[in-house]
Amino acid sequence: MQLSVTTWNINSVRLRIGMVTRFLKDHQPDVLCLQETKTPDEQFPAKAFSEAGYVHQAFIGNKGYNGVAIVSKLPFSEKEAMAMCERNDARHMTVVLDKAAGAAAGIAIHNFYIPAGGDIADPEANPKFAHKLHFLDAVGAWGVARNPAGRPSLLVGDLNIAPYEHDVWSHKQLLDVVSHTPIETTTLEKLRSELGWTDAARTLRPEPEKLYSWWSYRAADWQASNRGRRLDHIWLSDALRPTLRELTFLSEARGWERPSDHVPVTVQLEL
DNA sequence: ATGGTTGAAAGTCAA
């Protein structure tokens, strides 16, 4: 069977619910992982997703900021939201697909929203950057303690780091810009490789091809300047590595009316 | 050197 999973930082799921359900109708991923839903649980648009066929839902939100969700056509039995860094941050959700999901049964999907980290790349001067680094440490500790990559699993989400040279429009100009500083890129790369994950995007589309999933709202013309970064990722555990078939950045979504600054990234697996 | 935009929510803060 085919299994497709999309990750998308939606920057308010309530504001963009029409765009999201249109995406689901047109592209029909089996599972959609969202970040920055910015919505308390009681206001999550559960009905709109159910009506679109995504009746299996796990979400956790804060009022006005953060928040993650997983909505799925395939049933899942387990779900878990970890509170990272001793905060009530709503930056993580895991689900495990159920027996009724056929060949996908038992696959865990880990959805993360890593802190952006503020503007100054110095943990002493900037508590938000310190939080980002602390959060990465917490993900590393989770990986060591729980070995999530030892099972068939995907780690997806807005990791807010563009790890490689061609994951940004200008490597040189972004070396001191939060999201592409050496402390972030080396920490993320160490985390990924030591925990046993494979970067799906770069497996299929190796450097030096430029790959972006995010374009700033602040550009006058995002498409003309094309100053993007690859902040959104899909990682595969070893067991799923041979099943990797396709990975898509839906960059046209950045040109939709009132878009998110991130575009959907979708992986297709052949199980 | 610094600005530029967006969302949530009602002044600013986070991104």
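When reading the values below, keep in mind they use all heavy atoms of this one structure, side chains included, and skip hydrogens, waters and symmetry mates. Residue numbering restarts at 1 for every chain, and letters A, B, ... go by the order of the sequence lines.
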Expressed in whole Å, how much space separates the [atom1] atoms belonging to [N] and [M]?
{"N": "B/dT2", "M": "B/dA15", "atom1": "P", "answer": "23 Å"}
{"N": "B/dA14", "M": "B/dA9", "atom1": "P", "answer": "15 Å"}
{"N": "B/dA1", "M": "B/dT5", "atom1": "P", "answer": "23 Å"}
{"N": "B/dG7", "M": "B/dG11", "atom1": "C1'", "answer": "14 Å"}

A/E184 versus A/T181, side-chain donor and acceptor atoms under 3.5 Å:
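Short answer, yes.
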
Please tell me whether A/S72 and A/Q57 have a donor and an acceptor in their side chains that are separated by less than 3.5 angstrom.
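No, A/Q57 and A/S72 have no side-chain donor paired with an acceptor closer than 3.5 Å.
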
From the set [options], return the single nucleotide nearest to any side-chain atom of [X].
{"X": "A/R14", "options": "B/dG7, B/dA9, B/dA14", "answer": "B/dA9"}
{"X": "A/R91", "options": "B/dA15, B/dA9, B/dT6", "answer": "B/dA15"}
{"X": "A/K63", "options": "B/dG7, B/dA9, B/dA15", "answer": "B/dA9"}
{"X": "A/Y217", "options": "B/dA9, B/dT6, B/dA15", "answer": "B/dT6"}

Identify whether any heavy atom of A/R227 sits under 4.0 Å from a base atom; if not, whether one sits that close to sugar-phosphate; answer base, sugar-phosphate or nothing.
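If one applies the 4.0 Å heavy-atom cut-off, A/R227 turns out to touch nothing in the nucleic acid.
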
Would you mind classifying the nucleic acid contact of A/R254 as base, sugar-phosphate or nothing, using non-hydrogen atoms under 4.0 angstrom?
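No contact at all - A/R254 keeps every heavy atom at 4.0 Å or more from the nucleic acid.
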
Give the rounded distance in Å between these two atoms: [atom1] of [X] and [atom2] of [N].
{"X": "A/E36", "N": "B/dC13", "atom1": "CD", "atom2": "C1'", "value": "13 Å"}
{"X": "A/I10", "N": "B/dA15", "atom1": "CD1", "atom2": "P", "value": "17 Å"}
{"X": "A/R218", "N": "B/dT6", "atom1": "CZ", "atom2": "C1'", "value": "9 Å"}

Below 4.0 angstrom from OP1 or OP2 of B/dG7, is there any side-chain N or O of A/R258?
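The answer is yes; a side-chain N or O of A/R258 sits under 4.0 Å from OP1 or OP2.
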
Is the shortest distance from a Lys or Arg side-chain nitrogen in [X] or [Y] to a carboxylate oxygen in the other one below 4.0 Å?
{"X": "A/D199", "Y": "A/R230", "value": "yes"}
{"X": "A/E80", "Y": "A/R146", "value": "yes"}
{"X": "A/D167", "Y": "A/K210", "value": "no"}

